[in-house]
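Inspection log for the structure reproduced underneath, given as structure tokens.
The chains referred to below are lettered A, B, ... by the order of the sequence lines, with proteins before strands, and numbering in each begins at 1.
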Protein chains: 2
Amino acid sequence: MQTHIPNKVLTTALNLFTTKGYFSTSMRDITADSAVSTGSVYHYFKDKEGVATALYRSMIERMRVALLHIVSTHDTSHDQCHAVISLLFKIAEEEPEVMSFMLYTKHREFLPAEPPVCSSEPFEIMRSMVQSGMDKGEIEQRDVLVASTCLYGGAIKMITSHLDGILDQPLSSYLDDIWACSWRAVASSKS
Amino acid sequence: MQTHIPNKVLTTALNLFTTKGYFSTSMRDITADSAVSTGSVYHYFKDKEGVATALYRSMIERMRVALLHIVSTHDTSHDQCHAVISLLFKIAEEEPEVMSFMLYTKHREFLPAEPPVCSSEPFEIMRSMVQSGMDKGEIEQRDVLVASTCLYGGAIKMITSHLDGILDQPLSSYLDDIWACSWRAVASSKS
DNA sequence: TTGACTAGAACGAACGTTCGTTTTAGTATC
DNA sequence: GATACTAAAACGAACGTTCGTTCTAGTCAA
């Protein structure tokens with residue numbers, strides 16, 4: 001049972017946005033499901049877009065912290081990137097709404113002011129892991145965007161498949177297989 | 001200059017849906033930009049969703065035909081899959097709206113009746129290429145969904161990056177690089 | 001009493017859609 | 001060939017609904 005009103009609103013909004021979509025959830029839906037009155041919602045948030053922005057920012061921030069923690073607790077790019085994909089899979093399974101809103105939602109459509117997810121700080125941290133892997137010779141030299149896209153692309157596609165419900169097995173059971181493919185795509189030949 | 005009304009409507013809708021998003025384009029926008037009256041639009045299409053459905057179906061069909069042609073004109077899975085990615089890159093560059101609507105739009109939000117893109121026939125054909133590659137020993141044995149996701153995932157992510165406008169170079173200049181990574185991810189060790 | 005908070009009725013704008021009408025194109029009648 | 005009729009196509013003003021938001025009234029701590 002949550003008591004803090006902004007959190008109640010954000011949690012409700014997250015659920016509604018990911019199940020019905022941003023445009024198909026009305027402020028009335030949010031007030032009804034969260035049991036918070038219209039007045040209160042507008043007291044804490046400027047408008048509907050403000051709710052979505054707050055949600056988006058809080059998730060970006062959460063990811064940023066988690067990724068920086070991974071960087072500081074793993075030595076090789078190999079281990080860092082593996083930890084990233086493990087983390088993404090874990091969140092996708094335990095909190096699919098969070099992953100869904102972060103990866104699978106076209107924020108541009110209702111958050112025109114925010115930069116695209118791929119330009120966000122978390123994705124930049126992920127790319128910097130790849131870059132340092134290339135500097136150290138773990139990862140073959142090539143355009144860092146290409147390498148990152150190939151390394152993470154498969155895993156992310158797998159997550160969206162999971163969110164779409166087209167996977168037979170639990171997502172985590174694919175982790176080793178996906179990682180083997182993804183790493184092989186970019187690893188330098190000497191490793 | 002188009003004269004066939006349904007085509008005028010569909011072309012206009014495609015442009016508006018991909019630039020403003022489905023929910024942010026009104027029927028008034030469509031009638032204004034296409035210079036077709038409200039009455040005529042509703043004469044040819046049941047409702048707004050009907051316009052989107054027709055658009056979606058026509059694209060799926062177009063892809064289906066193109067992919068079957070690739071299958072029939074290339075012998076190895078290697079060549080087939082390479083041709084697929086080339087085709088996707090070509091469409092993404094020459095008709096970004098088409099790619100955008102096909103790959104990057106959350107159809108589920110406004111086309112709840114349609115199956116997700118990844119379950120559509122085109123994607124099934126793409127997976128069958130991978131499956132036959134595994135049967136022939138070109139591609140390492142593993143879950144076909146995992147292999148397909150890894151093989152195509154990077155390229156598709158690259159396309160969405162292109163559509164987001166975060167690429168420095170023209171998309172096609174990344175093709176060889178991406179293909180090298182992608183194929184290496186799944187190719188059997190003996191090849 | 002004041003100020004932060006809550007409540008939900010009320011508002012105006014914008015939406016998807018309908019519908020009565022006009023225009024067009026084709027066909028039958030003389 | 002001219003006329004009358006018909007059905008489909010095209011039109012756009014108008015409708016009812018729903019939306020995001022505002023506003024006024026009220027509550028409760030301090």
Side-chain angles (χ1 to χ4, degrees), chain A residues 1-58 97 101 105-114, chain B residues 1-58 97 101 105-114:
Chain A
M1 190 58 176
Q2 294 187 68
T3 49
H4 197 230
I5 287 192
N7 280 345
K8 273 207 290 192
V9 173
L10 288 177
T11 310
T12 307
L14 172 62
N15 283 319
L16 289 169
F17 288 169
T18 51
T19 53
K20 312 177 55 172
Y22 176 81
F23 290 103
S24 299
T25 87
S26 65
M27 288 304 256
R28 281 166 181 76
D29 292 335
I30 294 178
T31 57
D33 283 22
S34 63
V36 172
S37 71
T38 318
S40 296
V41 173
Y42 277 89
H43 177 75
Y44 291 104
F45 302 96
K46 180 176 174 295
D47 49 20
K48 187 183 178 185
E49 196 178 306
V51 176
T53 306
L55 203 50
Y56 183 72
R57 297 250 175 91
S58 79
E97 333 78 35
F101 189 78
T105 303
K106 277 209 76 180
H107 310 106
R108 304 299 287 277
E109 257 186 59
F110 55 91
L111 296 178
E114 301 291 322
Chain B
M1 188 62 174
Q2 292 188 70
T3 50
H4 198 230
I5 287 192
N7 281 346
K8 274 208 288 192
V9 173
L10 288 178
T11 310
T12 307
L14 173 61
N15 283 319
L16 289 169
F17 288 170
T18 51
T19 53
K20 312 178 54 171
Y22 176 81
F23 289 103
S24 299
T25 88
S26 66
M27 289 303 258
R28 279 166 184 77
D29 291 335
I30 295 179
T31 58
D33 283 20
S34 63
V36 172
S37 71
T38 317
S40 296
V41 174
Y42 279 89
H43 178 75
Y44 290 104
F45 302 95
K46 184 177 174 293
D47 49 20
K48 187 183 180 186
E49 194 177 309
V51 176
T53 307
L55 203 51
Y56 183 72
R57 296 248 176 93
S58 78
E97 334 76 36
F101 189 77
T105 304
K106 275 211 75 181
H107 310 106
R108 305 299 289 276
E109 253 186 67
F110 55 92
L111 296 178
E114 301 292 321

Exercise for review: Output, in order, the C-alpha distance, side-chain angles, deciding distance and verdict of side-chain contact (heavy atoms from CB on, under 4.5 Å) for B:Asn15 and B:Asp33.
Suggested key: CA-CA 10 Å; B:Asn15 283 319; B:Asp33 283 20; over 6 Å; no
Check your understanding: Given A:Phe17 and A:Thr105, is the side-chain contact (heavy atoms from CB on, under 4.5 Å) satisfied, shown in steps?
Key -> CA-CA 9 Å; A:Phe17 288 169; A:Thr105 303; over 6 Å; no
Exercise for review: For B:Asp29 and B:Ser26, indicate whether the former's side chain and the latter's backbone hold a donor-acceptor pair under 3.5 Å.
Suggested key: yes
Review point. Between residues 26-45 of chain A and DNA chain D, which residues have a heavy-atom gap below 4.0 Å?
Key: A:Ser26, A:Met27, A:Arg28, A:Thr38, A:Tyr42
Exercise for review: Please work out if B:Thr25 contacts a base, only the sugar-phosphate, or nothing of the nucleic acid, heavy-atom cut-off 4.0 Å.
Suggested key: sugar-phosphate
Review point. B:Lys48 has an atom NZ; how far is it from atom P of C:dT18, in whole Å?
Key: 15 Å
Point to revise | Cation over ring face, B:Lys48 and B:Tyr22, 6.0 Å, 45° | key: yes
Review point. Should the pair B:Phe110 and B:Phe101 be assigned to parallel (<30°), tilted (30 to 60°) or perpendicular (>60°) ring geometry?
Key: tilted
Review point. C:dG16 C1' sits how many Å from B:Phe23 CZ, rounded?
Key: 13 Å
